[in-house]
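Report on the structure given below.
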There are 2 protein chains.
Amino acid sequence: MHLILIEHIQKFVTLEPAEIEILDSALRVSKLKKKELVLQEGQICNDMYFVVKGCLRQYIINTKGSEQTLQFAIENWWMTDYLSYHNLIPSHFYIQAVENSEVIVIEKSSMELLLLQIPKLERYFRIVAQKSFGAGQMRIKFLFTMSAEERYHHFNTLHPEFVQRVPQYMIASYLDFSAEFMSKIRSGKV
Amino acid sequence: MHLILIEHIQKFVTLEPAEIEILDSALRVSKLKKKELVLQEGQICNDMYFVVKGCLRQYIINTKGSEQTLQFAIENWWMTDYLSYHNLIPSHFYIQAVENSEVIVIEKSSMELLLLQIPKLERYFRIVAQKSFGAGQMRIKFLFTMSAEERYHHFNTLHPEFVQRVPQYMIASYLDFSAEFMSKIRSGKV
DNA sequence: TTTATTTCTTGAAGTACTTCAAGTTTTTTA
DNA sequence: TAAAAAACTTGAAGTACTTCAAGAAATAAA
């Protein structure tokens with residue numbers, strides 16, 4: 001049983017036993033090794049990933065050839081490239097496991113089938129997407145109004161466990177400053 | 001008849017005549033004067049707005065007391081503060097008409113009713129939210145990887161009509177640089 | 001039209017960051 | 001456990017912007 005996802009869904013909609021049955025048999029778990037890629041730039045994103053355990057990140061490779069993390073997903077978060085997924089266009093992003101991770105993968109075709117069989121899931125995914133969009137708006141607010149140092153302390157206060165788990169250079173690029181500058185912030189040299 | 005919205009919905013789901021009837025009678029149009037606010041910081045956002053004509057923007061007032069635009073919505077776009085809307089928490093944002101505008105307002109209570117009466121709308125709003133989130137991800141990519149000048153030219157190429165309609169200082173803050181710097185970019189002095 | 005208000009421009013001075021390069025520490029692999 | 005790889009630190013030099021202040025131009029109001 002894919003309990004973690006089913007419980008997450010039931011926070012937003014109530015499923016009948018029969019629906020849980022359908023859902024459960026449609027899901028499959030995939031174990032990802034640290035650094036394993038599930039999406040690469042140029043590919044069409046055909047899956048949605050729900051993190052059961054571990055951590056994924058979405059990143060790009062910029063013109064200087066270095067990686068910039070745009071998004072993290074930890075337990076109970078969905079990760080995908082919605083634009084590539086919906087419009088069938090090549091993705092601009094990489095999606096990678098930051099740690100050894102366990103994810104539930106739902107392919108697009110199987111997702112469409114599920115949404116027909118269990119229309120309540122439309123509601124669940126609507127709410128998830130709307131909340132994610134709301135979180136994204138807050139992120140832009142923080143990026144626009146806080147200095148690098150403020151963003152670091154804010155993130156560190158909000159997600160202290162996370163800062164331990166993930167390499168600093170990934171967090172630095174997620175907060176839109178260089179790894180070197182982050183090092184200076186941490187040591188108080190700025 | 002609120003044709004523009006109904007047509008927009010029918011791009012994603014097919015509505016029965018009876019459903020159109022229900023929908024149509026639940027909607028109301030509101031005319032907004034230029035600069036009119038529909039949401040202020042600290043208020044709980046209780047509505048969703050669909051722009052029929054004109055333009056809305058979401059902005060904040062930063063610590064220096066100046067406005068920063070985080071989001072625009074033109075014809076066929078939805079605008080709301082999803083975080084405040086879903087979690088019933090005070091909004092961090094202002095939402096304002098940039099021009100004299102016509103919007104369709106749906107209050108939360110009426111939205112919940114509509115979603116029960118026309119479950120297909122769950123699908124519509126799911127797709128809209130997922131696509132919006134996808135667009136937000138691209139926005140962050142552009143903010144992270146392009147210089148101010150590149151962001152300006154990129155935006156200008158993508159939305160040339162828009163740059164005419166909206167004061168430059170709003171676009172400057174949306175692209176995360178100062179109005180003065182935008183002026184210098186435009187005159188080639190940089 | 002006249003006046004008031006809003007928006008845009010310009011240059012000079014300042015700053016919050018980046019980049020580079022080299023060394024150190026930590027983690028992973030064999 | 002040694003060796004290799006990945007991640008972090010440090011300082012020096014550079015730069016892409018911001019801020020300020022003042023004036024000009026465009027738009028709206030009277």
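A note on names: the letters A, B, ... follow the listed sequences, proteins ahead of strands, and every chain is numbered from 1.
Checked for salt-bridge contact, A/Arg123 and B/Glu112 meet the test: a charged N lies under 4.0 Å from a carboxylate O. Salt bridge annotation for A/Glu75-A/Arg165: present, with a cationic side-chain nitrogen under 4.0 angstrom from a carboxylate oxygen. Salt bridge A/Glu102/A/Lys31: present, at least one basic N to carboxylate O contact under 4.0 Å.
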Distances under 3.5 Å only, N/O to N/O: pair up the protein atoms with those of nucleotides 21-30 of chain C.
{"residue": "C/dT28", "atom": "OP1", "partner": "A/Lys34", "partner atom": "NZ", "Å": "3.3"}

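Contacts between residues 168-178 of chain B and DNA chain C, defined by a heavy-atom separation under 4.0 Å, are made by B/Gln168, B/Tyr169. The stretch residues 54-62 of chain B does not touch DNA chain C, since none of its heavy atoms comes less than 4.0 Å from the strand. Within a heavy-atom distance below 4.0 Å of DNA chain C, the residues of residues 147-157 of chain A found are A/Ser147, A/Ala148.
Once you apply a 4.0 Å limit to the heavy atoms of chain A, the touched nucleotides of DNA chain D run 5' to 3' over D/dA6 to D/dA12.
Note: A/Phe72 and A/Phe162 have perpendicular aromatic rings, judged against thresholds of 30 and 60 degrees for the angle between ring planes.
At C/dT10, one or more side-chain N or O atoms of B/Lys189 fall inside 4.0 Å of OP1 or OP2 (strictly under the cut-off).
Direction of the helix axis in the helix from C/dT1-D/dA30 to C/dA30-D/dT1 shifts by 60° between the two five-pair termini, rounded to 10°.
Under the 4.5 Å side-chain heavy-atom criterion for ILVMFWY residues, a single connected hydrophobic cluster contains both B/Phe93 and B/Ile140.
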Is there a side-chain contact (heavy atoms from CB on, under 4.5 Å) between A/Leu23 and A/Gln117? Walk through the geometry before answering. CA-CA 9 Å; A/Leu23 184 58; A/Gln117 293 172 300; over 6 Å; no
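Checked against A/Gln96 for a side-chain hydrogen bond (donor to acceptor under 3.5 Å, both in side chains), the options A/Glu67, A/Gln58, A/Arg57 give a single hit: A/Arg57.
Residues B/Thr69 and A/Phe144 approach most closely at O-CE2, 3.9 Å, considering heavy atoms.
Ranked by how close their nearest DNA chain C nucleotide is to the 5' end, A/Met146 and B/Ser183 are led by B/Ser183.
Checked against the 6.0 Å centroid threshold, B/Phe155 and B/Tyr174 count as a close aromatic pair. Taking the six-membered ring where the residue is Trp, the centroids of B/Phe50 and B/His2 are separated by 6.0 Å or more. Taking the six-membered ring for Trp and the full ring otherwise, the centers of A/Trp78 and A/Phe125 sit less than 6.0 Å from each other.
Of the N and O atoms on the side chains of B/Asn87 and A/Lys131, at least one donor lies less than 3.5 Å from an acceptor on the other residue.
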